[in-house]
**Student:** 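My questions will all concern the structure given below.
Each ligand, and each atom within it, is numbered from 1 in the order the structure gives. These values consider heavy atoms only, across backbone and side chains, with no hydrogens, waters or symmetry-generated copies.
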Amino acid sequence: MSKLHLHDLLRLHLILSEFWVDIAKEFFWKTKHTGQFLDYNFDVTKGEIFVKCMEGATTNICYNVLDRNVHEKKLGDKVAFYWEGNEPGDEKTVTYRELLQEVCKFANVLKLQGVKKGDRVSIYMPMVVELVVAMLACARIGAVHSIVFAGFSAESLCERIIDSQCSLLVTADGFYRGDKLINLKVIADEALEKCRDKSFPVERCIMLKHLSKEEQEASSPGSLSPPAKRSCPDLQSGPRQVDVCWHSLMEGASDECEPVWCESEDPLFILYTSGSTGKPKGVLHTVSGYMLYTATTFKLVFDYHPDDVYWCTADIGWITGHSYITYGPLANGATSVLFEGLPTYPDVSRMWEIVDKYHVSKFYTAPTAIRLLMKYGSEPVHKYKRSSLKILGTVGEPINPEAWQWYYNVVGDGRCPVVDTFWQTETGGHVLTPLPAATPLKPGSATFPFFGVVPAILNESGEELEGPNEGYLVFKQPWPGVMRTVFGNHQRFETTYFKKFPGFYVTGDGCRRDKDGYYWITGRIDDMLNVSGHLLSTAEVESALVEHEAVAEAAVVGTPHPVKGESLYCFVTLTDGIDYTTTLEAELRKQVREKIGAIATPDYIQNAPGLPKTRSGKIMRRLLRKIASNQQDLGDVSTLADSTVIEQLFENRCCTAL
Ligand code: WTA
C-alpha cells in the first residue's frame with residue numbers, strides 16, 4: 001500500500017464526508033448541521049486534540065433508535081429483544097413499542113429523581129432488559145450513562161462513581177451466573193459506603209428487584225422453576241435512606257416523555273477502560289458521531305437484513321455491548337437476543353440451543369468463548385442444527401487460527417463467513433474488519449480498515465513503514481465514532497493516545513501487514529494484559545497486591561493460556577520477616593478480587609525474594625514473562641543489576657494455576 005499524500009487525504013476526506021452525510025440523511029435531526037461533517041486536529045504539535053462531527057446539528061439518539069423505528073418505520077410490533085435468562089425457560093420478549101414505553105417511563109423516573117441533562121448516572125446491573133431501558137432513558141434526557149460491568153468489585157464501582165461524579169446509581173438486587181448467586185446490591189451498598197467515606201455521598205440508588213422470592217431462598221439453584229412476578233417490596237423501610245425501588249417508581253410514571261434535543265458533541269456516555277498507569281480511564285463518547293458509526297458498522301459488517309435475528313454474547317458492561325447490543329442493532333431496527341447466562345450453563349450446548357430456539361442468523365462472540373467450547377469437541381455443537389446461522393463474528397483479542405477454523409467449520413459448518421472485528425473502547429466501533437462475502441478471509445487477520453479509517457504501521461522512531469511490515473498500529477485521522485476525551489482529564493487523553501507519535505492516534509497494539517495488505521494484530525505492546533478478552537493493566541493488579549501489608553513489591557505479567565488467551569502471573573516480594581504461606585497466597589488472591597473484581601483473579605502467585613531489575617531500578621518485565629512461561633532463553637541480560645535472582649526465580653516457578 002502506498003503512502004497517502006496530502007492531496008489524496010483531502011480527496012478522501014471529501015468523498016468520506018459525502019458518504020457519511022448520505023448516511024446521516026436516514027436519521028432524524030431536530031436541526032441540521034452547519035459546518036463541515038468532521039472537523040479535527042490529530043496533531044499535538046499543532047494544538048489541542050479535538051474531533052467534532054456534525055457541529056450545529058441537534059438530535060437525540062434514543063429518539064433515533066426507538067421513536068423513529070416505532071413511528072416512522074412502523075416497527076412498533078417488531079421484537080427488539082428476546083431476553084433469555086440464566087435459567088432455561090426464563091424468557092421474555094420485548095417489542096420496539098414496549099421498549100419505547102418503558103424507556104419513556106424510566107426517563108420520567110430519572111427526571112423526578114432530579115437527573116438533568118449532562119448529569120452522570122452510574123448503572124451497575126446484570127444482563128436484563130432494564131439495563132437497556134436505563135441506558136436509553138439517560139440518553140433520552142441527555143444524561144450521561146456510566147455503566148460498570150456487574151463483575152467489578154465494590155472498590156472499582158466506587159472509584160468509577162467518584163471519578164465520573166455520578167449523582168445516582170441504578171442497580172439490582174442480584175442475579176445468577178450459572179449456579180452462582182451474585183448479591184449485587186450488597187456490593188453496591190459497600191461501594192456507596194466507600195463513596196461516603198471518601199466524602200462523595202451518592203444521593204439516590206434505584207434498585208431493580210430481579211431475583212424472585214424462590215431464587216433468593218433457593219439453596220439448590222439447579223432446581224429452580226421460572227421466577228414468579230417481580231416486585232420490590234418494603235425497600236423504603238430498608239436500612240439506607242438513598243434506596244428507591246424501580247418497580248414502585250415505574251408504576252406511577254407516565255409513558256410519554258419528550259426527548260431532550262442534544263448537540264452533536266454533547267456527551268452520550270462514559271465507559272471505563274484500564275489504563276497503563278493503573279487508574280482506569282473514563283472514555284467519553286458523544287451523540288451524533290457514535291450513533292452514525294455504530295449504526296453503519298453494524299449494518300455493513302453483519303450484512304444486516306430486516307429478518308435477521310442477531311445475537312451478541314458480550315455483556316453490556318463492556319463497549320461491545322454498548323455498541324453492538326444496544327445502539328448499533330436498535331438504530332437499524334434489528335431483533336436481538338439478550339442473554340443473561342453463561343455458555344456452559346446448564347451445559348456446554350447452551351449457545352447452540354439458543355441459536356436454534358430463536359433462529360439466530362448473525363452471531364457475535366469472543367475467541368475466549370470459542371476456545372472454551374472447543375475443548376468439549378464438536379458433539380455438543382452438532383446436537384443442534386444451527387441452520388439459521390449466516391455470519392459469525394469475533395472480537396476482543398487476536399483469534400488463533402485453530403479457534404478460527406473450529407468456529408468456521410464446526411459452528412458455521414463451513415458456510416458462514418467469520419468477521420474478525422478489531423476495535424477498542426476508544427474507537428467506539430469496528431475499525432479493522434472484513435465485510436462478509438466481499439473480503440476474502442485469512443484466518444486470524446482482521447483484514448482491512450472500515451470506510452474512513454486510515455491505519456498506518458510505525459517503527460519505534462515513529463517512521464511510517466510501507467508494504468509488508470510490523471510495528472505500532474496507529475490511525476492517521478478520526479472517524480465519527482472515535483472517543484473525544486478522557487472524562488475530566490483531557491491531558492491524559494492527549495498523553496495516552498497522541499503524544500508518543502505526534503499526528504497519529506496510537507492504539508497500543510502491535511500489528512503486522514502482509515504482502516497482500518492484510519492487517520494482523522499481534523497483541524498489546526504496552527503494559528496491558530488481555531484476559532478472556534478483557535483488558536487489565538499490570539499496574540492495576542500490582543497496586544492491589546502491594547496494598548496488602550505483607551507485600552513489599554509486586555510485578556505482574558501475562559502468560560499464555562489456552563482458553564483465556566493470557567493469564568495473570570504475579571511475582572511478589574514480601575516485607576522482611578514475613579513467611580510465604582498458602583494462607584497468605586489465598587489472602588492475596590482475595591485482595592485482588594476485592595479491589596478489582598473476579599476477572600482480575602491471579603492465576604499464579606510466586607514468592608519472589610528478588611526481582612530482576614536494571615541498574616536504574618526498573619523491573620525487567622520481559623525477563624519475568626520468560627520466567628512465567630519457563631523459557632530459558634532470556635536474550636540480552638547485560639543491563640541486569642543482579643543476575644542471581646534469575647536462577648532463584650526459575651527454581652520457585654509455579655507450575656500449576658491456583
Ligand atoms: C484487543 C474491545 C485482535 C486489542 C472491543 C484492543 C483485538 C483491545 C480484537 C481493546 C481483534 C479487540 N483482534 N485484538 N479482533 N478486538 N482486540 O477496549 O488489544 O475492551 O486494543 O474493546 O482488545 O479492548 P476493549
**Student:** Do you know which of Arg492, His490, Gln491, Lys281 makes side chain to side chain donor-acceptor pair (under 3.5 Å) with Thr485?
**Tutor:**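 The single option meeting the side chain to side chain donor-acceptor pair (under 3.5 Å) with Thr485 is His490.
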
**Student:** Examine the side chains of Ser153 and Glu594 and answer whether a donor and an acceptor come within less than 3.5 Å of each other.
**Tutor:**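 Result is no, nothing qualifies.
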
**Student:** Main chain of Gly467, side chain of Arg513: is a donor-acceptor contact present, judged purely on distance under 3.5 Å?
**Tutor:** yes

**Student:** For a quick check: using heavy atoms under 4.0 Å, what are the residues in contact with ligand 1, sorted by chain and number?
**Tutor:** Ile319, Thr320, Val395, Gly396, Glu397, Pro398, Asp420, Thr421, Phe422, Trp423, Gln424, Thr425, Asp509, Ile521, Arg524, Asn530, Leu535

**Student:** Strictly distance-based, threshold 3.5 Å: is any side-chain N or O of Tyr124 a donor or acceptor partner for the main-chain N or O of Phe152?
**Tutor:** yes

**Student:** For Tyr272 and Asp163, which I'm curious about, is there any donor-acceptor pair between the side chains at under 3.5 Å?
**Tutor:**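 A donor-acceptor contact under 3.5 Å links the two side chains.
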
**Student:** For a ring pair (Phe, Tyr, Trp, His ring centres under 6.0 Å) with Trp352, tell me which candidate from Trp311, Tyr376, Phe363 qualifies.
**Tutor:**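 Output: one option passes, namely Phe363.
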
